[in-house]
Asker: 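Take a look at the following structure, please.
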Amino acid sequence: KNHTIICESCDRTVCSCHEMKEVPFIFQDSDDGRTYFLKIHAPWEVLATYADVLKIKVPFKLSDVPHAQDVPLGWLSQPFRLPEKIMRPQPDYFTTAFDKGKTDFFLINDKDSLFPPSTRNRIVFYILARCPYQKEDRQEKYKKGIKRLLSNGTYTAAFPLGLHIFLEDPECESERYNLYKNWARFLCFYKEQPLNLIRKYYGEKIGIYFAWLGFYTEMLFFAAVMGVICFAYGLLSYDDNISSKEICDPSIGGSIVMCPLCDKKCSFWKLNSTCLSSWQSHLFDNEGTVFFAIFMGIWVTLFLEFWKRRQARLEYEWDLVDFEEQQQQLQMRPEFEMKCTRKRMNPITKESEPYLPMSSKLARFCISGTTVLFWMSLIVACIIGVIAYRLAVFAAFASIMKDSPTRNIQLVGNLITPQLATSVTASCINFVIIMILNFFYERVAVWITDMEIPKTHLEYENKLTMKMFLFQFVNYYSSCFYVAFFKGKFVGHPGNYTYMFGEASRLRNEECDPGGCLIELTTQLVIVMVGKQLWGNIQEALLPLMRNWWGSRKGRHQPENQYSRWEQDNDLLNFTQLGLFYEYLEMVVQFGFITLFVASFPLAPLLALCNNILEIRVDAWKFTTQFRRPVASKARNIGAWQEILNVVAILSVVTNAFIVAFTSDMIPRLVYLYSTHNKDELTMRGYVNNSLSVYSISQIRLDSMPEDGDSPSWYSNSSITTCRYRDYRYPPGHQKQYDHTMQFWHILAAKMAFIIIMEHVVFVVKFFVAWMIPDVPSEVKARIKRERYLIQEYLHNYEVEKLKLQLCLSNFPVPASATPTRNATSTANTTMTNMDACSELCTEVLCPLDTDETTAECPSPSPSLPGWKSTLESRDMAGDATA
């Protein structure tokens, strides 16, 4: 039969799972009669033992560090705040690692509430993951852990029990209900996140993810505002765009005949046919583009530096300081322990532990690396196929749309051009290929990471993170890199065109529009970025809802007493160990889109901001209503994603500099403005004519000429003898005909100079900002130092007072009425109570005439007391210096 194991972590006596307080486990059958639930509860002794083993921090003193004072105009943020009891479900304490032998040192008002639910279910899962289940007379090394029982079908699921989300009893406060009410509803999208409550219920690892996502969304607001300003500048400067006016002017653009864009199927065309695309290009390709690219280079540095500060504050508040060093060994994966049969001595712990031989490690690494390279090569092959598609269908679209009825469609008819049709269809095909490859590679990446047998959970996640991001980087960004840095750069010129697979293929390399390739990069970026976000939201919202609806269709019609909470949780989807990994991956890929190519689309941060506002609430809704409660785990930071973000931030400066220099038309316009035309007047008049070279139609090869009947009605061989193309080359008849002019080299030098200057300026500012902003706030450093000081002081006083009490009780007969009472659940402050009791005891028994009431210490004992001196002498002779 099917079995499901659930760990009980409710700390409320009114909840239905309180029946587990007295027994370690109990069987419950389900409504279908085929599934049995084994409920496991960890009593105090077990929790205390493993809290000591795992070095879990618990409070020993109420924090005396005051909270930050209210800032001026703080009332403006009041609508965005949540109630204080939601934001801070418990007071601030100074904490230290739990010691089972010193329970009276800690603030233990209630054993049931000392460890939060996330800590309790983490302890239970730690035990289950390492518990052997072989027979007593047989030693089978592989039979260990709940994960193996899940994989072989002994149990169908194992999950912590979630508190009921819909409660009508006001006396039973549920963290899950509070999270749903104040966090998971979309109407709360403008509210802050209850991070402390998230951490208490789900654990630090999930809490740090939502803290990062919320901070990233906050910082996107500033980038989105600046992007909207740059876009608005493009709109407001619409009428000042002289280049577009010349292209649209029938007497200028209408008189310029352009050379065919492909062989045979493409005809001669007039420049004013690209009028609308030139206006569209100006929205994104203007003077504000340079400013926005520089701003984003600085913004990304501020984002990363301020996040380090926010992360440092969370590390302290959530007791994660020095966590990694303490927990590295304790996080060893059970799979590593089972599969690695060889043992060796750990030089730190001096204990025998499993290890993977270097030869086996190298072999597994080679197989893994080869697999990753193969899949990345497969992506490149698919991109080449898409490029070939673009080259092949452009000629087809040009032939079809020559007399197409789409021209007669109102409003959008003139927008449908062969270039646009090719770009949109190729981007859509590329997006579908991306999704398909991504679906298969996710499974391959998990398989090869499992094959490497990483030692710790942290190492496993880092290895998988690097594999997945390398693949996703190539998968999502390769098409944008092609449009930005390769399209239109290796075209050649009429009579000497460059072909993709050689001249025999007749697939001529693509050219950019006279306005540049920036608008095509914008189209590619919008389709891939927006398409990915829409598809991701559909997957995250609709699929879990539909799957849970189908899975719980039988139990929905049962009353509550028959359809129990553990059955309801079991019908929810399982949040796998890699569930959070995919959430990070989605956001980091988006981060790449808004930084690597943001110079081509200033509105990208705005789209990302809108998506993330929805993303936070969708993720919160999933966690509270659609997924089983995951096993809590600790994490002090976002792991390998931090280094990936740093690399993307540095790379974004380079890519945006190259986009402005080579993809945008900004540098050629500036060179023309300040060096080429009449210097008496700064104007862009004549730029379009200056940027187009001349070619003699009679010199075009016959196999490149348009087919008979494909030429437009206005074209005449006798009257039109030359055509224009986008380049800087000498005209026919010149002694250097069709060679690059000096203006070409001037522009190239200006582009390289711009790249060097922009990179150096942005990098200098980045490093200066990073140097100016400390990673850890000064108040956090002060609190960490004070906590460490108090730990030493309080432990010292505790040991001294404990020793005094032991000395008093072990050497003299004490009346029952005078014996101080010891309580295992007393607080750290009761140490003073014990001390007072000891002083009182000394007053009654040892030194009734000599008590010093002005101090809390026992005064010097009276030398007349019998046995005192001999006892001290005997202890000194025994070498007990402490006594």
Side-chain angles (χ1 to χ4, degrees), residues 6-21 39 41 80-91 110 112-113 115-122 159-207 209-211 213-214 540-541 544-545 548-549 552 555-556 558-575 579 616-632:
I6 54 178
C7 70
E8 178 273 314
S9 58
C10 175
D11 58 359
R12 309 297 181 188
T13 58
V14 296
C15 295
S16 61
C17 55
H18 184 62
E19 64 192 17
M20 296 305 304
K21 296 295 179 182
K39 295 191 291 184
H41 166 66
F80 307 101
R81 298 194 176 277
L82 291 173
E84 186 67 17
K85 68 175 183 178
I86 301 298
M87 292 302 298
R88 297 183 180 275
Q90 60 185 16
D110 181 10
D112 290 338
S113 61
F115 301 109
S118 59
T119 300
R120 290 207 300 277
N121 75 59
R122 186 162 66 93
F159 55 90
L161 193 62
L163 305 179
H164 205 292
I165 189 172
F166 301 110
L167 296 176
E168 298 179 358
D169 187 356
E171 297 182 359
C172 182
E173 289 192 5
S174 163
E175 286 92 352
R176 188 179 180 188
Y177 173 73
N178 286 332
L179 286 172
Y180 175 79
K181 179 181 178 181
N182 298 283
W183 180 51
R185 296 188 303 170
F186 184 74
L187 293 179
C188 301
F189 73 91
Y190 61 94
K191 296 281 189 179
E192 58 185 339
Q193 297 187 85
L195 295 177
N196 289 315
L197 192 59
I198 297 171
R199 174 241 181 174
K200 181 181 178 182
Y201 190 74
Y202 289 112
E204 288 79 2
K205 192 170 185 178
I206 292 177
Y209 162 73
F210 281 103
L213 180 58
E540 292 185 14
L545 187 64
N548 286 331
W549 175 84
S552 61
R556 286 194 303 270
Q558 302 294 337
E560 177 68 22
N561 58 354
Q562 295 184 23
Y563 190 41
S564 58
R565 282 195 302 110
W566 42 86
E567 287 187 86
Q568 296 175 37
D569 283 354
N570 188 50
D571 288 336
L572 297 177
L573 294 179
N574 180 38
F575 189 79
I616 291 175
R617 304 305 160 179
V618 169
D619 286 348
W621 172 77
K622 285 191 310 181
F623 273 99
T624 54
T625 64
Q626 302 302 309
F627 284 110
R628 299 172 191 156
R629 183 180 179 183
V631 176

Asker: Working to the nearest 0.5 angstrom, can you tell me the gap between K181 NZ and I86 CD1?
Answerer: 7.5 Å
Asker: Does Y202 reach the main-chain N or O of F623 with its side chain, forming a donor-acceptor pair under 3.5 Å?
Answerer: yes
Asker: Are the side chains of N196 and M87 in contact, using a 4.5 Å heavy-atom criterion?
Answerer: no
Asker: Measuring only between side-chain heavy atoms, which start at C-beta, is P194 closer than 4.5 Å to L179?
Answerer: yes
Asker: What's the shortest heavy-atom distance between R176 and L572, and which atoms?
Answerer: NH2-CD1, 3.9 Å
Asker: Ignoring hydrogens and geometry, is there a side-chain-to-backbone donor-acceptor pair from R122 to S118 under 3.5 Å?
Answerer: no
Asker: Using atom types as modelled and distance alone, determine if a side-chain donor or acceptor of E192 lies under 3.5 Å from a backbone N or O of L82.
Answerer: yes
Asker: Taking all non-hydrogen atoms of both residues, which atom of L195 and which atom of G207 are closest, and how far apart?
Answerer: CD2-O, 4.2 Å
Asker: Taking the side chain as every heavy atom from C-beta outward, state whether E175 and K200 have any atom pair closer than 4.5 Å.
Answerer: yes
Asker: Using a strict 4.0 Å threshold on nitrogen-to-oxygen distance, state whether D569 and K39 make a salt bridge.
Answerer: no
Asker: For the residue pair A632 and N121, what are the closest heavy atoms and their distance?
Answerer: N-OD1, 2.9 Å
Asker: Assess R629 against F159: is NZ or CZ under 6.0 Å from the centre of the six-membered ring, and within 45 degrees of the ring's axis?
Answerer: no
Asker: Ignoring hydrogens, what is the shortest heavy-atom contact between N182 and R617? Give both atom names and the distance.
Answerer: O-NH1, 4.5 Å
Asker: Checking E540 against V618 for the side chain to side chain contact (heavy atoms under 4.5 Å, CB included) test, could you report, in this order, the C-alpha distance in whole Å, the side-chain angles of both residues, the deciding distance, and whether it holds?
Answerer: CA-CA 7 Å; E540 292 185 14; V618 169; 4.1 Å; yes
Asker: Starting from the C-alpha separation in whole Å, work towards a yes-or-no answer on side-chain hydrogen bond (donor to acceptor under 3.5 Å, both in side chains) for Y209 and D619.
Answerer: CA-CA 11 Å; Y209 162 73; D619 286 348; 3.0 Å; yes
Asker: Counting only N and O atoms by type, is there a donor-acceptor contact under 3.5 Å from the side chain of T625 to the main-chain atoms of W621?
Answerer: yes
Asker: Does R628 reach the side chain of N570, with side-chain heavy atoms less than 4.5 Å apart?
Answerer: yes
Asker: Can you see which heavy atom on G214 is nearest to which on Q193, and at what distance?
Answerer: CA-NE2, 3.5 Å
Asker: Please confirm whether Y180 and Y177 have ring centers closer than 6.0 angstrom.
Answerer: no
Asker: Tell me whether the centres of the aromatic rings in F210 and W183 are closer together than 6.0 Å.
Answerer: yes
